[in-house]
Amino acid sequence: MKTPLIYEIGGGSGTCAKGILDYIMLNAPTRVYNNMTYISVEISPSLAEIQRQTVGEVRTHLSKFRVECRDAADRSGWGDVDQQPCWVIMLEVLDNLPHDLIYSENQVSPWMEVWVGKKHDRETHSELFKPLQDSLITRCVEIMDWEKDHSNQSGSVSMARSIWSKVFPKPRRCWLPTGCLRLLEVLHGVLPKMSLIASDFSYLPDVRIPGERAPLVSTKKNGSSLDYGSYLDAKGDADIFFPTDFWLLERIDHYCSGQLKMHKDNSSKQGKKRRTITLDTSSFMEEFGLPTKTRTKDGYNPLLDDFKNTKFYLSVPTHNIK
């Protein structure tokens with residue numbers, strides 16, 4: 001029998017880990033629980049300790065659970081490639097990963113990297129625009145613009161777009177999930193047979209910062225929240241949350257698994273390496289949760305009615321790659 005293996009990236013307080021271990025202990029065959037391994041990859045030492053305490057509330061869990069305090073996006077921490085099938089769970093991780101900002105003068109001008117530097121003899125920061133040179137940003141732009149660059153767009157349409165951009169120029173700003181790309185490149189490299197479950201915010205309310213996939217940047221002062229209109233104004237203990245573009249997440253996942261690379265090579269005989277689906281949280285809970293257990297007397301069901309701005313992304317490997 002194959003030993004069940006679960007990785008959780010950024011396990012927070014350990015609630016998810018304890019819930020999964022509890023469920024398997026109570027509902028799965030004893031041999032499954034006795035042979036399973038649950039590994040939390042946590043970058044925060046303080047949260048790692050809280051997770052140990054939370055999971056340790058059930059003493060038998062401790063022999064199945066361990067925390068590895070490290071950066072999951074650092075390839076050196078993973079060791080050798082593991083061909084064993086496993087699960088990888090990421091709950092509200094993507095919104096906290098690093099992003100890069102790119103800028104374009106109009107609808108057809110090339111993208112440029114946005115750098116931040118201090119003005120001469122001043123404490124304030126300003127943006128500098130430079131040609132694309134970072135390899136991670138370049139790969140992310142290629143993935144984002146994949147379908148546009150490979151569509152059979154006619155010359156007349158391209159000409160019309162060029163003219164329109166000169167008559168009505170519209171600057172573009174776009175936030176790229178480069179941290180997600182880096183993490184998935186590492187995970188696909190070391191765990192090629194992983195099944196992935198990720199959940200995060202699909203959109204964020206009241207975002208004031210301009211740009212596609214722009215973050216919500218806020219802080220608390222005197223007990224009330226303050227949202228910033230520019231990330232350059234945020235200093236100190238400001239919180240930054242990015243929405244997840246699940247369409248782009250799927251493209252990044254396929255790219256990191258090698259599927260988009262196969263399409264570049266026009267390898268039509270190659271099959272898909274991943275089967276993927278994105279579900280609203282309510283649809284996910286209807287399918288995999290127990291919504292009848294959480295419905296209140298007046299019909300309200302927090303499992304289905306809350307979390308309207310969150311989604312689940314499921315990705316599993318296929319064997320259709322010959």
Check your understanding: Hey, are the side chains of Pro215 and Trp175 touching, using non-hydrogen atoms and a 4.5 Å cut-off?
Key -> yes
Review point. Short question: side chain of Thr219, backbone of Leu226 - any donor-acceptor pair under 3.5 Å?
Key: no
Exercise for review: Determine yes or no for a side-chain-to-main-chain donor-acceptor pair under 3.5 angstrom, with Thr138 supplying the side chain and Asp134 the backbone.
Suggested key: yes
Exercise for review: Verify whether the ring centers belonging to Trp247 and Tyr313 lie closer than 6.0 Å.
Suggested key: no
Exercise for review: Flag the pair Gln51 / Thr15 as yes when at least one side-chain heavy-atom distance between them is below 4.5 Å, and no otherwise.
Suggested key: no
Point to revise | Check: Thr244 side chain, Phe246 main-chain N or O, donor-acceptor pair, under 3.5 Å | key: no
Point to revise | Donor + acceptor pair across side chains of Glu250, Tyr255 (<3.5 Å) | key: no
Exercise for review: Say whether, by atom type as modelled, one donor and one acceptor occur between the side chain of Trp78 and the main chain of Ala72 under 3.5 angstrom.
Suggested key: yes
Check your understanding: Do Asp74 and Ser76 have side-chain atoms, one donor and one acceptor, less than 3.5 Å apart?
Key -> yes
Practice item. Spell out, as yes or no, whether a donor-acceptor pair under 3.5 Å connects the side chain of Thr281 to the backbone of Thr310. Key: yes
Exercise for review: Classify the side-chain pair Arg274/Ser315 by whether it contains a donor and acceptor separated by less than 3.5 Å.
Suggested key: yes
Check your understanding: For Tyr33 and His61, what are the C-alpha separation, side-chain angles and deciding distance, and is it a side chain to side chain contact (heavy atoms under 4.5 Å, CB included)?
Key -> CA-CA 9 Å; Tyr33 176 72; His61 289 348; 2.7 Å; yes
**Study point:** Side-chain H-bond candidate by donor/acceptor type, Asp298 with Thr296, under 3.5 Å
**Key:** yes
Give the table of side-chain donor-acceptor pairs shorter than 3.5 Å for residues 91-102, with sequence neighbours excluded, one pair per line with atom names and distance.
residue	atom	partner	partner atom	Å
His99	ND1	Leu97	O	2.8
Asp100	OD2	Thr178	OG1	2.6

Check your understanding: Looking only at atom types and distance, does a side-chain atom of Asp280 sit under 3.5 Å from a main-chain N or O of Ser283, one as donor and one as acceptor?
Key -> no
Please tabulate, one pair per line, all N/O donor-acceptor pairs under 3.5 Å involving side-chain atoms of residues 185-199, not counting sequence neighbours.
residue	atom	partner	partner atom	Å
Glu185	OE1	Arg139	NH2	3.0
Glu185	OE2	Arg139	NE	2.9
Glu185	OE2	Arg139	NH2	3.3
His188	NE2	Asp253	OD1	2.6
Ser199	OG	Lys311	O	3.2

Review point. For atom CZ of Phe129, is the number of surrounding heavy atoms from other residues, nucleotides or ligands below 6.0 Å larger than 12?
Key: yes
**Study point:** Min side-chain heavy-atom separation Thr37-Ile6 under 4.5 Å
**Key:** no
Review point. Can you check whether Gly79's main-chain N or O pairs, donor with acceptor, with Arg75's side chain at less than 3.5 Å?
Key: yes
Point to revise | Same apolar cluster (I L V M F W Y, side chains within < 4.5 Å links), Val114/Ile209 | key: yes
Review point. Is a side-chain N or O of Thr54 found less than 3.5 angstrom from the main chain of Ile50, in a donor-acceptor match?
Key: yes
Exercise for review: Run the numbers on Ile277 and Phe312 for side chain to side chain contact (heavy atoms under 4.5 Å, CB included), then give the verdict.
Suggested key: CA-CA 8 Å; Ile277 187 173; Phe312 276 83; over 6 Å; no
Review point. Of all residues at least two apart in sequence or in a different chain, which pass the salt bridge (charged side-chain N to carboxylate O under 4.0 Å, His left out) check with Arg70?
Key: Glu68
Review point. For the atom pair NZ (Lys130) and CD (Glu113), what is the distance rounded to the nearest 0.5 Å?
Key: 8.5 Å
Practice item. Identify, with sequence neighbours excluded, every residue that meets salt bridge (charged side-chain N to carboxylate O under 4.0 Å, His left out) alongside Asp22. Key: Lys18
Practice item. List in chain and number order the residues that pass salt bridge (charged side-chain N to carboxylate O under 4.0 Å, His left out) with Arg182, two or more places apart in sequence or in another chain; answer none if no residue qualifies. Key: none
**Study point:** Nonpolar side-chain network containing Tyr203, other nodes, edges under 4.5 Å
**Key:** none
Check your understanding: Passes ring pair (Phe, Tyr, Trp, His ring centres under 6.0 Å), Trp115 versus Tyr103? Steps please.
Key -> CA-CA 10 Å; Trp115 290 48; Tyr103 172 83; over 10 Å; no
Point to revise | Heavy-atom side-chain proximity of Met36 to Arg31 below 4.5 angstrom | key: no
